[in-house]
Amino acid sequence: MQERLQARPRAGSRRVGSRLKALLQGNSAMQVDAVWTNLHLATLDTPSGYGEIEDAAIAVRDGRITWLGPRARLPQNLQSAVSHDGGGGWLTPGLIDCHTHLVWAGSRADEFERRLQGASYAEIAAAGGGILSTVRATRAADEQALYEQSLRRLHALSAQGVTSVEIKSGYGLELHAERRCLRVARRLGSEQRVHVTTTFLGAHTLPPEYAGRADDYIDALATTLLPALHAEHLVDAVDGYCEPIAFTPAQLRRLFDAARMLGLPVKLHAEQLSDGGGAQLAASVAALSADHLEYVSDAGLAAMAGAGTVAVLLPGAYYALRETRAPPVAAMRRLGVPMAVATDCNPGTSPCASPLLMLNMACTLFGLAPDEALAGMTRHAARALGLHADRGRLAIGLRADFALWDVAHPRELAYWIGGRSCVGRVVDGVPVEAT
Ligand code: NIG
Ligand code: FE
């Protein structure tokens, strides 16, 4: 079954035959690069549900979807260079992990033990641990070491169907180390078969060199680090950590002003540990997303709804911190705030590289329905990155990024606690060998 499900070209003779036939038929043929049949589609291209099309076909050309629908309606004149057999599985948009801190060095397993003994995340951070302990390890690591450690985590994500991933900096906190992390993220995107978007998170926490001078650090980010890294084409978006243990809304607004001057979209870690008005800040600058949101107020959510800011839910961090207050999912639904779901893959609060586990936890811990969770890692995740016109759904014209699953129904993706049901990925219309 597994073997049959692997998307792969059929015999070469068939390829030549179909090309010849297309030539003989002249312009009337609808020529595509590849077609997949013997599968079902979950298009996620409907306001709710999976957008199911059973016994379907999907065709791609130049890396984009050119046709999809029931196989019985496949155009008679469609000529494909390659045919793939989906083995009876389900094809979804490739998963989009829209919030990760994938590039870091070292481990924080010792802090995990301390938290189990009663220390809080904020206490550990105040004592110089937390994010700063990863900053020390990351600053000490060279680019190759960082690449290799991060690659293992990327492989874990892609093995579970991820075709696009957002990677934040934020463990360098000075120009050279932030550059190194962003360069590693770019290199992952160019050397691996996965799309990478980068987010500058210099405002993750205050580095020791700036102790007691948070405003000066924000100024340095806004006037020196961000413009320099942007000029090197290393930054696709800007993020900040809005929390008493990190930065205030007023400080982050200054950074966001600088981002907007450079034409960069912004995102925000907001209301993870307390309500500090981050959601209102995010909405007021038309942020793509506000992320975490366990402590968001009604006013904050209403502002997000008005601005079209996506709520990115991060059940891994909620779980790892043994948080008891869940984000207000019912209110998000009621207000029409789109909910994305992501791994938050990071060494402190979400040492997790399993997007499928996050789908499950979004349901069991936060009360999402399985179709909402899957939309959260496809359609809404694309919106959280500003990429919704291009990815996150199966629809004509969108990028041909797919994940193929050995499941009887797409609800199984959230049902399994983790799981190994991804049997193939397609990136830009081309099947990817498993890593
Ligand atoms: O998303 N909240 C801040 N950033 C991360 C934690 C990073 C860390 O602890 O290393 C988060 O939870
Ligand atoms: Fe995060």
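Quantities reported herein were computed from a predicted structural model and do not represent experimental measurements. Order of listing sets the numbers, starting from 1, for every ligand and every atom in it.
At least one side-chain heavy atom of R254 sits less than 4.5 Å from a side-chain heavy atom of D219.
Distance alone, capped at 3.5 Å, is enough to place a donor-acceptor pair between the R425 side chain and the V162 backbone. A side-chain donor-acceptor contact under 3.5 Å links W90 to the backbone of A408.
Y319 pairs by the ring-ring contact (aromatic ring centres under 6.0 Å, His included) definition with nothing, not counting sequence neighbours.
Here ring-ring contact (aromatic ring centres under 6.0 Å, His included) pairs that include residues 230-252, with residues two or more places apart or in two chains, are Y241-H269.
Around the Fe ion (ligand 2), the protein atoms of type N, O or S found under 2.8 Å away are H99 NE2, H101 NE2, H269 NE2, D344 OD1, listed by chain and number.
For the residue pair R253 and S284, a side-chain donor N or O sits within less than 3.5 Å of a side-chain acceptor on the partner. Side chain to side chain, E243 and S274 meet the donor-acceptor criterion of an N or O pair below 3.5 Å. When only modelled atom types and interatomic distance are considered, Q117 and E113 share no side-chain donor-acceptor pair under 3.5 Å.
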Check ligand 1 for N or O atoms under 3.5 Å from a protein N or O and list each pair with its distance.
unit_1: ligand 1; atom_1: 1 (O); unit_2: H101; atom_2: NE2; d: 3.3
unit_1: ligand 1; atom_1: 1 (O); unit_2: H269; atom_2: NE2; d: 3.2
unit_1: ligand 1; atom_1: 1 (O); unit_2: H292; atom_2: NE2; d: 3.0
unit_1: ligand 1; atom_1: 1 (O); unit_2: D344; atom_2: OD1; d: 2.9
unit_1: ligand 1; atom_1: 1 (O); unit_2: D344; atom_2: OD2; d: 2.8
unit_1: ligand 1; atom_1: 2 (N); unit_2: Y241; atom_2: OH; d: 3.4
unit_1: ligand 1; atom_1: 2 (N); unit_2: Q272; atom_2: OE1; d: 3.0
unit_1: ligand 1; atom_1: 4 (N); unit_2: H204; atom_2: NE2; d: 2.8
unit_1: ligand 1; atom_1: 9 (O); unit_2: R108; atom_2: NH2; d: 2.8
unit_1: ligand 1; atom_1: 9 (O); unit_2: Y121; atom_2: OH; d: 2.5
unit_1: ligand 1; atom_1: 10 (O); unit_2: R108; atom_2: NH1; d: 2.9
unit_1: ligand 1; atom_1: 10 (O); unit_2: R108; atom_2: NH2; d: 3.4
unit_1: ligand 1; atom_1: 10 (O); unit_2: Y171; atom_2: OH; d: 2.6
unit_1: ligand 1; atom_1: 12 (O); unit_2: Q272; atom_2: NE2; d: 3.4
unit_1: ligand 1; atom_1: 12 (O); unit_2: D344; atom_2: OD2; d: 3.1
unit_1: ligand 1; atom_1: 12 (O); unit_2: T349; atom_2: OG1; d: 2.6

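In the displayed structure, R383 atom CZ is contacted under 6.0 Å by at most 12 heavy atoms of other residues, nucleotides or ligands.
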